[in-house]
Amino acid sequence: MNVLMLYPKFPEQTFWNTSRSVQLLWGRKAIMPPLGLLTIAAYLPPDFSLRLVDRNVAAESAGDWEWADVVFLSVMMAQREDYRECVANAKMRGKPIAVGGPFTHALPEEACADADWVCFGEAESITEQLVGDLRAGRRGQKYQGGSATNMELARIPRFELLPDVNDYATMALQFSRGCPFKCEFCDIIEIYGRVPRTKTPAQVCAELAAVERLGFQGYVFLVDDNFIGNKRKAKEMLAELAPWNRRHNYPFRYYTEASINLADDEELLERMCQAGFFHVFIGIETPDPKLLKTTQKMQNIPGNPLAKLAKIRRHGLHVTAGFIVGFDGEERGVFEAQRKFIQASGIGVAMVGLLQAIPHTQLARRLKAEGRLLETLGSDGNHTVEGINFIPKGEMTRREYLEKYRELVLEIFQPKAYFTRTLPALLELRARVPLAAVRRHGAKLLAVLFKESYHFGMRARSMRFYFWKALFQILWKRPAAIESFVFDCAVFHHLHQHADYVQRALAKYLSTPAMELDCSRPLEIKPYALGHTPHDKF
């Protein structure tokens with residue numbers, strides 16, 4: 001059986017899609033590969049012929065469609081628009097469809113209407129049954145994969161199916177699934193459960209070895225939604241990863257996502273640094289303990305968040321973070337409070353999103369019970385242009401939220417604000433990069449820095465002064481922070497343009513008289529409709 005595995009495109013205008021920067025500075029076509037499809041491929045029998053096409057890299061050909069007996073789709077909510085095109089193409093050609101991924105949890109009715117086989121939850125345990133149904137031609141099947149896969153028995157993803165591993169700036173690997181916390185807005189605990197399950201250190205090292213054999217050169221992202229959900233297991237893995245790096249002459253640098261209680265564990269911070277981690281994304285959401293309590297993000301309440309961020313940096317980890325506005329009980333001053341905290345935090349890459357009630361989460365269920373969920377509002381997972389899909393409970397209307405949010409995003413991603421806050425944080429970063437790693441990766445890093453010097457230090461008129469000022473101070477006072485500086489500049493290239501898009505998109509929406517802004521009309525903005533800001537016009 002011939003299986004065409006398709007990965008839909010992400011919209012260009014989201015906070016996360018930094019592909020333009022990746023192409024401009026790294027010469028890579030996309031950010032990271034479709035790990036879900038690569039993982040499922042490892043569970044399909046050897047008589048199945050597989051072709052994987054990542055539409056973020058290149059479109060499938062007419063020959064691919066003619067060859068295929070069945071189409072597999074793995075989908076996130078943010079890919080919904082291109083997913084619809086994939087489904088339409090398959091149906092036009094009479095190709096049956098199997099679909100899985102977080103999309104099926106959020107919109108099960110839509111997935112079931114589109115596909116002949118639908119997987120809910122984790123797919124490892126249901127693959128044998130799926131294969132049997134594919135062979136027998138039994139369509140209309142639904143599978144409940146649950147959230148209890150034994151990760152210690154997980155197979156190595158089929159990385160070799162990627163046409164070129166170096167189409168990607170980052171390689172995606174997974175160490176754990178599940179998160180022990182219970183944040184009300186989160187769908188991760190709904191899909192993967194609250195008991196973190198991990199691979200063994202040997203499994204992680206085997207996957208890294210497989211990627212190395214394929215010749216990948218770049219960063220490795222541990223895609224766990226909370227890398228430290230099981231701290232003991234994380235420490236054990238890091239203890240094995242550090243010597244593996246030394247034996248293999250430091251082939252990769254690493255980054256991941258973790259909760260801010262990472263700062264409470266000195267041993268864990270030290271082991272991450274020793275294992276070659278240079279960057280961590282943290283869900284801060286809000287500095288207000290009352291609002292954190294409202295959304296059940298209790299792990300963020302103890303201690304001073306600014307002190308915790310400083311501690312993480314002292315152990316050599318650069319911090320990026322997520323923030324949210326829209327929690328129940330917010331006052332009109334919340335936007336100014338967020339702005340002040342973000343500037344004080346030193347976090348350049350500060351993703352500020354509008355709160356959304358993702359379908360089938362605690363938040364969505366509560367708001368529906370309270371009669372506040374605006375179910376006519378669609379959600380594609382793009383929290384920086386989609387309006388709050390519920391009636392706010394606080395001092396502000398939905399219109400006020402959108403107006404103030406537009407102003408906040410535009411302000412924090414101006415060159416002066418961005419570099420003013422990130423420079424002190426970079427100067428306090430105690431990065432420790434082994435000399436062998438510098439030799440291995442230094443030339444590529446310098447090549448990217450030279451490109452940034454041209455595009456940001458010469459062509460970008462409004463950015464020149466701030467770029468050179470930061471670069472010279474880092475070279476003089478903290479040269480080990482160059483890697484993180486290069487990263488921040490690259491992402492800023494995307495964020496500044498995205499902020500301009502958000503400003504124009506929301507301004508257009510807010511100026512439309514027919515919109516019932518405070519009630520039930522959806523925010524309908526096509527990601528490509530409004531154009532883009534050229535990179536030389538910051």
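Note that the numbering runs from 1 along the sequence shown for the chain.
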Q: Look up atom CG in Leu429 and atom CG in Leu317, then write down how far apart they are to the nearest 0.5 Å.
A: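 Between atom CG of Leu429 and atom CG of Leu317 there are 8.0 Å.
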Q | Value rounded to 0.5 Å, distance of CD in Glu236 from NZ in Lys231 | A |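 One gets 14.5 Å once the value is rounded to the nearest 0.5 Å.
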Quick check: does any side chain N or O of [X] sit under 3.5 Å from a backbone N or O of [Y], one acting as donor and the other as acceptor?
X: Asp328; Y: Gly394; answer: no
X: Thr361; Y: Ala357; answer: no
X: Gln299; Y: Ile260; answer: no
X: Asp225; Y: Ile188; answer: no
X: Arg177; Y: Tyr192; answer: no

Give the ring-plane orientation class for [X] versus [Y], where under 30° counts as parallel, over 60° as perpendicular and anything between as tilted.
X: Phe492; Y: Tyr418; result: tilted
X: Phe467; Y: Phe485; result: tilted
X: His279; Y: Phe487; result: tilted
X: Phe216; Y: Phe252; result: tilted
X: Phe175; Y: Phe227; result: tilted

Q.
Tell me which one of His498, Gln497, His493 satisfies side-chain hydrogen bond (donor to acceptor under 3.5 Å, both in side chains) with Arg20.
A.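 The residue from His498, Gln497, His493 that satisfies side-chain hydrogen bond (donor to acceptor under 3.5 Å, both in side chains) with Arg20 turns out to be Gln497.
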Q. Would one find more than 12 heavy atoms of other residues, nucleotides or ligands at under 6.0 Å from atom NZ of Lys451?
A.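 More than 12 within 6.0 Å, yes.
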Q. Can a donor-acceptor pair be found between the side chains of His494 and Asn17 at a distance below 3.5 Å?
A.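 Short answer, no.
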Q. Do Lys9 and Asp54 sit within salt-bridge range, that is, some charged N less than 4.0 Å from a carboxylate O?
A.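 No, this pair does not count.
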Q. When you check the gap from the basic side-chain N to the acidic O, do Arg314 and Glu428 get nearer than 4.0 Å?
A.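 The answer is no: the pair does not qualify as a salt bridge.
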Q | Within-4.5 Å side-chain heavy-atom neighbours: Val491 and Thr320 | A |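 Sidechains of Thr320 and Val491: no contact.
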Q.
Contact between Tyr401 and Glu330 at the side-chain level, heavy atoms closer than 4.5 Å - yes or no?
A.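 Answer yes - side chains close enough.
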